Amino acid sequence: MGFLAFLLLGLIAGAIAKLILPGRQGGGWIATLIVGVIGALLGGWIGGMVASVNMNDFFSLASWIWAIIGALIVLVIWGFITNRRSSTV
């Protein structure tokens, strides 16, 4: 998968993850892109380890599902970090 295709996958996966996860997540499209790209990397790694999925195809349904799952995991972790920080202040 090319670099621009990976960024597009990350942006869309991050946006879908923000729509799926209840609550309010801060940040604009750049934060969504970062969450999505990190989530796509994490989801690709998990998908490769758990399901032996080849994550090199942009139009593969498995690539999209694992990228969204990874973005959801990153959003949950980010929510725990920011909630702990805001509750202690």
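Excluded from the calculations below are hydrogen atoms, water molecules and symmetry mates; all remaining heavy atoms, backbone and side chain alike, are included. This chain uses plain numbering: 1 for the first residue, then up along the sequence. Please read all numbers here as calculations on a predicted model, not as lab measurements.
Rounding to the nearest 0.5 angstrom, the gap separating the CH2 atom in W78 from the CG atom in L21 is 14.0 Å. Atom CD1 in I38 sits 10.0 Å away from atom CD1 in I77 (nearest 0.5 Å).
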Please tabulate, for the side chains in residues 68-75, all donor-acceptor contacts under 3.5 angstrom to protein atoms that are two or more places apart in sequence or on a different chain.
none

Check: residues 8-19 side-chain donor-acceptor pairs under 3.5 Å, at least two apart:
| unit_1 | atom_1 | unit_2 | atom_2 | d |
| --- | --- | --- | --- | --- |
| K18 | NZ | G26 | O | 3.2 |
| K18 | NZ | T32 | OG1 | 3.0 |

